[in-house]
Amino acid sequence: METNKQVPSLYEWAGGMPVFEKLMVAFYDKVLKDDLLEPIFRHMSPTHQVHVAHFFAEVFGGPKIYSSNEGSHAAMVTKHLGRHLTEEHRKRWVQLLVATADELELPADPEFRSAFAAYIEWGTRIAVINSQDTNLTMNPHEPMPKWGWGEPGGPYQP
């Protein structure tokens, strides 16, 4: 007998908004202690971490808090314009975020981590590209990115 099992979003599988908020607070604490990244982020607003948490949560299938109240995909891209981020910056950002996800024990199953890593790789590479420009070249009404499970077919089931 086949059951109609609902596949959770990445947001749900991760544990919801408290997990994303905790992840970004702990992550940006590391960023501010990092010699390479601290100069880029030292002047971030006190609400930066929560905005990024809301952005990530929405991308992973959570509530539309970011796009409804805090910005848009174009607004996030605009924050990177003219920052001239390097591949070294990108790699360190990814390294610290993955380490923080490990420390906070985000789901470690291969399907979740594959989707999580794929978005981080995609997003950080886009950020580096956009950081070389000084003007927004994308459609300002472009929708928020949406990230799902990808090819693996859903959360790991032992």
Side-chain angles (χ1 to χ4, degrees), residues 7-34 36-87 89-107 111-150 155:
V7 175
S9 66
L10 295 169
Y11 168 82
E12 293 165 328
W13 191 254
M17 192 62 74
V19 169
F20 285 94
E21 289 177 350
K22 187 176 178 182
L23 174 66
M24 289 306 161
V25 167
F27 165 66
Y28 279 105
D29 282 348
K30 286 182 182 8
V31 165
L32 291 176
K33 294 174 185 159
D34 185 83
L36 180 64
L37 297 178
E38 186 275 338
I40 297 167
F41 291 95
R42 73 171 53 130
H43 299 297
M44 69 181 164
S45 77
T47 58
H48 182 81
Q49 296 93 326
V50 74
H51 291 310
V52 176
H54 293 165
F55 186 90
F56 264 68
E58 185 169 338
V59 167
F60 287 143
K64 296 181 179 193
I65 296 170
Y66 185 83
S67 63
S68 295
N69 305 313
E70 299 169 1
S72 64
H73 185 215
M76 181 63 81
V77 169
T78 301
K79 303 239 184 250
H80 297 94
L81 296 177
R83 298 221 178 244
H84 303 288
L85 302 173
T86 66
E87 180 62 10
H89 292 125
R90 188 195 75 75
K91 285 180 180 178
R92 182 73 54 81
W93 201 92
V94 168
Q95 175 189 29
L96 292 177
L97 186 55
V98 169
T100 307
D102 289 342
E103 289 167 17
L104 296 181
E105 299 180 349
L106 265 68
E111 285 78 6
F112 177 79
R113 285 306 180 98
S114 174
F116 185 76
Y119 176 70
I120 293 167
E121 281 291 320
W122 179 83
T124 58
R125 289 173 188 279
I126 295 291
V128 169
I129 291 166
N130 290 329
S131 77
Q132 308 312 311
D133 291 330
T134 54
N135 296 309
L136 184 66
T137 58
M138 68 182 278
N139 174 351
H141 303 292
E142 188 172 313
M144 290 281 288
K146 296 290 178 215
W147 216 259
W149 290 100

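In what follows, every heavy atom counts, from backbone to side chain, and hydrogens, waters and symmetry copies are set aside.
- Met44 is not listed as a side-chain neighbour of Val31, based on a closest heavy-atom distance of 4.5 Å or more.
- Expressed to the nearest 0.5 Å, how far CZ of Phe112 lies from CG of Leu10 amounts to 6.0 Å.
- At least one donor-acceptor pair under 3.5 Å links the side chain of Glu58 to the backbone N or O of Ser67.
- The one candidate from Glu87, His89, Gln95 that meets the side chain to side chain contact (heavy atoms under 4.5 Å, CB included) condition with Lys91 is Glu87.
- In this structure Arg83 satisfies the salt bridge (Lys or Arg N to Asp or Glu O under 4.0 Å) test with no other residue, sequence neighbours excluded.
- A donor-acceptor pair under 3.5 Å links the side-chain atoms of Thr124 to the main chain of Glu121, judged by distance alone.
- More than 12 heavy atoms of other residues, nucleotides or ligands sit less than 6.0 Å from atom NZ of Lys146.
- In Glu105, the CD atom is not crowded: 12 or fewer heavy atoms of neighbouring residues, nucleotides or ligands sit closer than 6.0 Å.
- Here OG of Ser131 is found 8.5 Å from CD1 of Ile40. Values are rounded to the nearest 0.5 Å.
- Environment of NZ in Lys30: crowded, with over 12 heavy atoms of neighbouring residues, nucleotides or ligands closer than 6.0 Å.
- Heavy-atom minimum distance, His54 versus Ile65: ND1-CG2, 3.4 Å.
- To the nearest 0.5 Å, atoms CH2 (Trp13) and CZ (Phe60) are separated by 15.0 Å.
- When the salt bridge (Lys or Arg N to Asp or Glu O under 4.0 Å) test is applied to Asp133, no partner is found at least two apart in sequence or on another chain.
- A salt bridge between Lys22 and Glu103 is absent, with no side-chain N of the basic residue lying under 4.0 Å from a carboxylate O of the acidic one.
- Aromatic ring centres of Tyr119 and Trp147: separated by under 6.0 Å.
- Annotation for Leu32 and Phe41: closest pair CD2-O, 3.8 Å, computed over non-hydrogen atoms.
- Within the 4.5 Å cutoff, side-chain heavy atoms of Phe55 are placed close to those of Pro145.
- Separation of atoms CG (Asp29) and CG (Asp34) is listed at 12.5 Å; rounding is to 0.5 Å.
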Inset, instruction - Just do the side-chain contact (heavy atoms from CB on, under 4.5 Å) check on Met144 and Val59 with the steps written out, would you? - result: CA-CA 7 Å; Met144 290 281 288; Val59 167; 4.2 Å; yes

Inset, instruction - Could you check Leu23 against Thr100 for side-chain contact (heavy atoms from CB on, under 4.5 Å), going step by step and ending with a plain yes or no? - result: CA-CA 7 Å; Leu23 174 66; Thr100 307; 3.8 Å; yes

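- Listed by first and then second residue, the side-chain hydrogen bond (donor to acceptor under 3.5 Å, both in side chains) pairs that reach into residues 39-48 are Tyr28-His48, Glu38-Arg42, Ser45-Thr47, Thr47-His51, sequence neighbours excluded.
- Here the two rings, on Phe20 and Tyr11, have centers that are under 6.0 Å apart.
- Here the shortest heavy-atom pairing between Val128 and Arg90 reads CG2-CB, 3.7 Å.
- Judged purely by atom type and a 3.5 angstrom limit, Gln132 has no side-chain atom pairing as donor or acceptor with the backbone of Thr86.
- For Ser114 (side chain) and Glu111 (main-chain N/O), no donor-acceptor pair under 3.5 Å exists by modelled atom type.
- With Arg92 contributing its side chain and Leu37 its backbone, the two residues share no donor-acceptor pair below 3.5 Å.
- When every heavy atom of Met17 is checked against every heavy atom of Pro63, the shortest pair comes out as CE-CG, 3.9 Å.
- Closest heavy-atom contact between Ala127 and Leu85: O-CD1, 4.2 Å.
- Across Ser9 and Gly61, no two heavy atoms sit closer than the pair OG-O, 4.0 Å.
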